[in-house]
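These values consider heavy atoms only, across backbone and side chains, with no hydrogens, waters or symmetry-generated copies.
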Amino acid sequence: MLKYISKTVWILSLVSLFTDVASEMLYPVMPIYLKSIGFSIVLIGVLEGLAEAAAGLSKGYFGKLSDSMGRRVPFVQIGYALSGISKPLMAFFIHPVWVFFVRTIDRLGKGIRTGARDALLSDEATPETKGKIFGFHRAMDTLGAAIGPTLALLFLWLYPGQYTLLFYIAFIPGMLALISSFLLKESVKSKSTTSKKPHSFFTSFTYLKSAPSTYKKIVTGLLFFTLFNSSDVFLLLQLKQAGLTDTNIIGTYIFYNLVYAILAFPLGVLADKLGLRQVFIMGLGLFAIVYFGFAFSSHWLIFLVLMFVYGAYSAATEGIAKAWLSNAVPKSETATAIGSYAGLQSLCTLLASSMAGIIWYRFGSTTTFMITGITSVICLMYFMFLKTEKAKS
């Protein structure tokens, strides 16, 4: 099956792996570090929300720009460069305004590269191999998400409280990602005539007007699902509420990422055989099981099984959704389509997490997870009866 994985896909996958190692090294300690330099919980929430919103809106814009210019690689390189540089800067600047600026640089880097990178992956595949290509990339990306927090745990065990030094160390895999990105070469398939038309920063919204009907139908279902799919932080909070230690919670998070990484490529292969929609629907079913399980379970062993299922859900949906969307639009609009979806998805995730927090506070965790589980079943039914058409090249 690896014969379908081209040099470009390997390089992009390694770049994503190194980047996720850097990012996920800091993910478990970011809230602790920000609190240690004087940030309140509210200010941390505002920081993350504004940074994510800025990055989200930029994904559609830079995706459109990549399609118009017929270039992918410069956007990938600039995006990863910004994210890599931001890691040590978090340790240099401790004033809230500067921390927000640096955090926004990191998220903006993701906004610049997302559409172009996924379009580059799509260019390396045929409609019949999209599942494999996107699945392999997600596997490597998520492997980095498992390695990162493992290294962070080991470091903090050896050097407790040395958060600043950890930020400097995270700069190393970030630079490895950037160096690897310079091995990329522009694909002939992605070259097109440069458009001189101005592009709106709100392309994520405007593209929906002109997008193919199949794309609109798929995105409608995906965004409805995202509106009720809150941050994974709520799953980790439930583990904490059940009595697990911080070390066990981080260990469970690493376990989830390992499962995701191991299953992403095989499920991508399965999606190419059975159909992208069929495997995505299966993933939604797994998601519903997890959230209904979290609503009523309290034993750590059941939670561990549910986190295994959650890893399988992610492997069956995240890369598959992008592959599905890329098949629903002409090649000349791939970066715009995926970037626009990713941008709207970021905004919906913010709303979802805000709503989940309010529901949790007012009605408790069981209600929160039940509502999410029920809406995922509704979304599953939507996709089961969805009629789609192939995109024109």
Could you tell me if Lys130 and Ser122 have a donor-acceptor pair between their side chains, going purely by distance under 3.5 Å?
yes

As a test of understanding, state which of Lys322, His137, Arg72 forms a side-chain hydrogen bond (donor to acceptor under 3.5 Å, both in side chains) with Asp118.
Lys322

Quick check for you: to the nearest 0.5 Å, what is the distance between Leu65 atom CG and Arg71 atom CZ?
11.0 Å

Look up atom OG1 in Thr372 and atom CE in Met355, then write down how far apart they are to the nearest 0.5 Å.
8.5 Å

Strictly by modelled atom types, are Tyr253 and Glu24 linked by a side-chain donor-acceptor pair under 3.5 Å?
yes

What are the two closest heavy atoms between Ile320 and Gly268, and how far apart are they?
CD1-CA, 4.1 Å

I'd like to check Leu344 versus Leu208 (side-chain heavy atoms, cut-off strictly below 4.5 Å). Are they in contact?
yes

Is the closest side-chain donor-acceptor distance between Thr8 and Lys185 under 3.5 Å?
no

Classify the angle between the aromatic ring planes of Phe136 and Trp10 as parallel (below 30°), tilted (30 to 60°) or perpendicular (above 60°).
perpendicular

Could you check whether any side-chain heavy atom of Phe287 comes within less than 4.5 Å of a side-chain heavy atom of Leu380, counting everything from C-beta outward?
no

Hey, does the side chain of Ser314 reach the backbone of Gly311 with a donor-acceptor pair shorter than 3.5 angstrom?
no

More than 12 heavy atoms of other residues, nucleotides or ligands under 6.0 Å from OH of Tyr159: is that the case?
no

Rounded to the nearest 0.5 Å, how far apart are OH of Tyr382 and OG of Ser376?
16.0 Å

Would you please say whether a donor-acceptor pair under 3.5 Å links the side chains of Thr142 and Asn257?
no

Indicate yes or no: at least one non-hydrogen side-chain atom of Pro160 is less than 4.5 angstrom from one of Leu156.
no

Phe294 and Met307, any side-chain heavy atoms less than 4.5 Å apart:
yes

Can you find a side-chain donor-acceptor pair between Thr129 and Thr126 that sits under 3.5 Å?
yes

Can you check whether Lys331's main-chain N or O pairs, donor with acceptor, with Thr334's side chain at less than 3.5 Å?
yes

Assess whether side chain to side chain contact (heavy atoms under 4.5 Å, CB included) is satisfied between Ile371 and Thr367, documenting all intermediate values.
CA-CA 6 Å; Ile371 290 173; Thr367 302; 3.8 Å; yes

Side chains of Phe134 and Glu318: does their closest heavy-atom pair fall under 4.5 Å?
no

Can you sort out the partners of Lys216 under salt bridge (Lys or Arg N to Asp or Glu O under 4.0 Å), two or more places apart, ordered by chain and number?
none

Determine whether the side chains of Tyr310 and Asp232 contain a donor N or O and an acceptor N or O closer than 3.5 Å.
yes

Donor-acceptor side-chain pairing of Arg107 and Ser58 below 3.5 angstrom:
no

Gly144 and Pro149 have their tightest heavy-atom pair at O-CD, 4.5 Å

Rounding to 0.5 Å, atoms NZ (Lys59) and CG (Leu108) come to a distance of 11.0 Å

Are Ser16 and Tyr80 close enough that a side-chain donor and a side-chain acceptor fall under 3.5 Å?
yes

Quick check on the 6.0 Å ring-centre criterion: do Tyr215 and Tyr341 meet it?
no

Same cluster or not: Phe363 versus Ile358, using hydrophobic residues (I, L, V, M, F, W, Y) connected whenever any side-chain heavy atoms lie under 4.5 Å apart?
no

Quick one: do Arg138 and Asp141 make a salt bridge, cutoff under 4.0 Å?
yes

Does atom CZ of Phe292 have more than 12 heavy-atom neighbours from other groups under 6.0 Å away?
yes

State, without any angle test, whether Glu124 and Ser6 hold a side-chain donor-acceptor pair at a distance under 3.5 Å.
yes

Transitive ILVMFWY side-chain link Leu26 to Leu176, under 4.5 Å
yes

Please check if Val15 and Leu183 belong to a single hydrophobic cluster, counting links between Ile, Leu, Val, Met, Phe, Trp and Tyr side chain heavy atoms closer than 4.5 Å.
yes

Taking the six-membered ring for Trp and the single ring otherwise, decide whether the centroids of Phe280 and Phe383 are under 6.0 Å apart.
yes

